[in-house]
Amino acid sequence: MGLFRSHRTWVHMRNLIRTCLEEAVGHLAADVAADILPEVVVEPPRDRQFGDFASNIAMQLARVLKRNPRDIAVELAAMLGEREDIAAVDVAGPGFINITLPPSAWTGQLRRIFQRGTRWGEDEGGRGRRVMVEFVSANPTGPLHIGHGRGAAVGDSLVRILRKAGYTVISEYYINDAGNQMETLGRSLQRRYLELAGEINESYPETYYQGEYLVDLARRLREERGTELVDPTDPDASLPLFTEYAGRLILDGISDDLAAFGIRFDNWTSEKQLFEDGRVDRLIAELRERGQLYEQDGALWFPASRMGDEKDRVVVRSNGVKTYFASDIAYHRDKDERGFDVMVDVWGADHHGYVPRLAAALQAVGIDSARFVVILVQLVSLMRGEQPVAMSTRAGQFVTLREVIDEVGKDAARFFFLMRRPDSHLDFDLELAKSQSNENPVYYVQYAHARICSILRTAAEKGVAIPQTAAFDLSSLHLEEELELIRKLDAFPVVVETAAAVFEPHRVSYYVSELAALFHSYYNRHRVVSEDGAVTAARLVLVQAVRNILQSGLELLGVDAPESM
RNA sequence: GCGCCCAUAGCUCAGCUGGAUAGAGCGUCUGACUACGGAUCAGAAGGUCGGGUGUUCGAAUCAUCCUGGGCGCGCCA
């Protein structure tokens, strides 16, 4: 059986090598129960001199087989070495198996990658499993700030990555439009409105929302309705109108800001709606039926402490008001009923204390909490060069996402948010993000893409045919830099798969940066378009493949891949 | 006080869930096209992976303790 004659023509090399090793291990350990055999892991070696791939399986097997790892490695290597399509197999160190493929294997792989185009990296790993990714979900009480921006970038990129990895994904925004914060919002707008009408003399209360945007909304309301909403006898009567007005316009603004950030949600779910159509009540009834509620001090409690949380939590307050916790359980019960295998929630890290209680509650209504994944995104420190930018939500002084997008651009903002692990603190430097210099990593990647486009334009101007297929001889691609590029392209599906599995978009950011670096280096050393027709054609195939992967990698981050800059 | 997260080069951070001599960008220093875009490239210097103990063939990675920083501990959302 030929190693590279797979029924799936788009399989990356690493998986093929793994399959080969698994076969060999099967022969070697035929009498060992399969379930105690260690998983075969194949990865690039630390040092390229060791070859294309390395596996530590012999050392893992040593434990099970109770044999010297080097002996095992030698035997496995002997089996692999018989294959014609493997150039060399070596045993090194304590028992690493190092595998080298012939250049023809790599050019053959390049051909497949090229023909796959921007679909290279699409995988079936998700097997169509249904995932909901819920993110942002900010209260419609004010514009999105920069912290929301990070959550938005992470959530949206996760959606893109999961889709690429073969999952069926729905993105959703949960609108927290119920509760007393909305009432406070209404009162705040009402107050600003009355101030405009000259009805108020006292200073604006500290407990109200402080942002300037409420003054703008009040002006707008006044333009639309004049002073007809001034009702000195019964201010509460018109309060719902203010609340509804503020909530609706702020949510529209949030939606616009997200659109400017390249984000469109598949679905929006209203918390208020959950209350109004009885889903919250049904959930509470369900908890009661399952014996998961008790009454104390006039309130209804969920015994979360029985399932790992610090203390029990109130579901219905003694005044009859249902808590946010209640609606949140109901919301996740609803997600479950909509048939999602996995529910991913992207939250600010300051909500981490909330995770155990919700996980416990889901478990209590029969939802395996392993299906509930919370990605905690750490807060963002905004910097302007060395100087921290002061932000205080309370004082209404915060930098909005919109301001950041306007100042540094969507691409830089998204890339910066996705450069770090979600659970790592992020310093966001506005000056750096804005600078069109070599300090800025966004341009580095985009420039690589634009440069390739430029090469293709040059080739076209010179009358060189741009290869549309790779169905010709690529054997002139034998330089180490060229093989290195192909290996990197080959690894893209692994990056997508891993980023999806561990919910870490920053892996894609690193990948595209590394791929761009390999390309820039190659570009500076070797000409693509030259007098040699065969070499030119082969190199055009290579750089076009690089372009495709840069493009789809950036696509996963929601960053544009410009043809010129 | 209890819980969660973090600690890796001067700075900002990766490290492919336990592998070989710990990497990248920025900054610093030295260099590179009269050719496809110099927003680029080549090279150098820079480390007790916060500290201790443990687990094993093998630890930045796992366990545990300590130190230091962030966050959370409401009948708020």
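Reminder, nothing fancy here: chain letters follow the sequence lines and each chain counts from 1.
Checking B:A7, B:G38, B:C75 against every side-chain atom of A:Trp301, the shortest atom distance belongs to B:C75. Out of B:C73, B:U40, B:C13, the shortest distance to the side chain of A:Arg451 is found at B:U40. Of the candidates B:C36, B:G72, B:G15, the closest approach to any side-chain atom of A:His506 belongs to B:G15.
At a threshold of 4.5 Å between non-hydrogen side-chain atoms, the residues A:Val529 and A:Lys462 count as touching.
We find that A:Glu407 and A:Arg384 are joined by a salt bridge, their nearest charged nitrogen and carboxylate oxygen being less than 4.0 Å apart. Salt bridge status for A:Asp281 with A:Lys322: present, with a side-chain N to carboxylate O gap under 4.0 Å. With respect to the salt-bridge test (charged N to carboxylate O, under 4.0 angstrom), the residues A:Asp490 and A:Arg14 do not qualify.
Residue A:Asp177 places no side-chain atom within donor-acceptor reach of the base of B:A77, judged by atom type and a 3.5 Å distance cut-off alone.
Between the CG atom of A:Asp427 and the P atom of B:G70 there is a distance of 14 Å, given to the nearest Å. Rounded to whole angstrom, the span from the CZ atom of A:Phe275 across to the P atom of B:A77 amounts to 8 Å.
Nucleotides B:G19 and B:C66, compared at atom C1', are 29 Å apart to the nearest Å. Comparing the C1' positions of B:U28 and B:U34 gives a spacing of 31 Å, expressed to the nearest Å. Comparing B:G47 with B:A60, their C1' atoms sit 12 Å apart, to the nearest whole Å.
Residue A:His425 is in sugar-phosphate contact alone, with no base atom involved, counting any heavy-atom pair closer than 4.0 Å across all strands shown. Using a 4.0 Å heavy-atom cutoff across all strands shown, A:Ala54 reaches at least one base atom of the nucleic acid.
Under a cutoff of 6.0 Å and an axis angle of 45°, A:Arg451 and A:Tyr523 form a cation-pi pair.
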Short N/O separations, protein against nucleotides 44-48 of chain B, under 3.5 angstrom:
none

Check the interface with nucleotides 24-32 of chain B: list each N/O to N/O pair with the protein under 3.5 Å, or write none.
| unit_1 | atom_1 | unit_2 | atom_2 | d |
| --- | --- | --- | --- | --- |
| B:G27 | OP1 | A:Glu439 | OE2 | 3.4 |

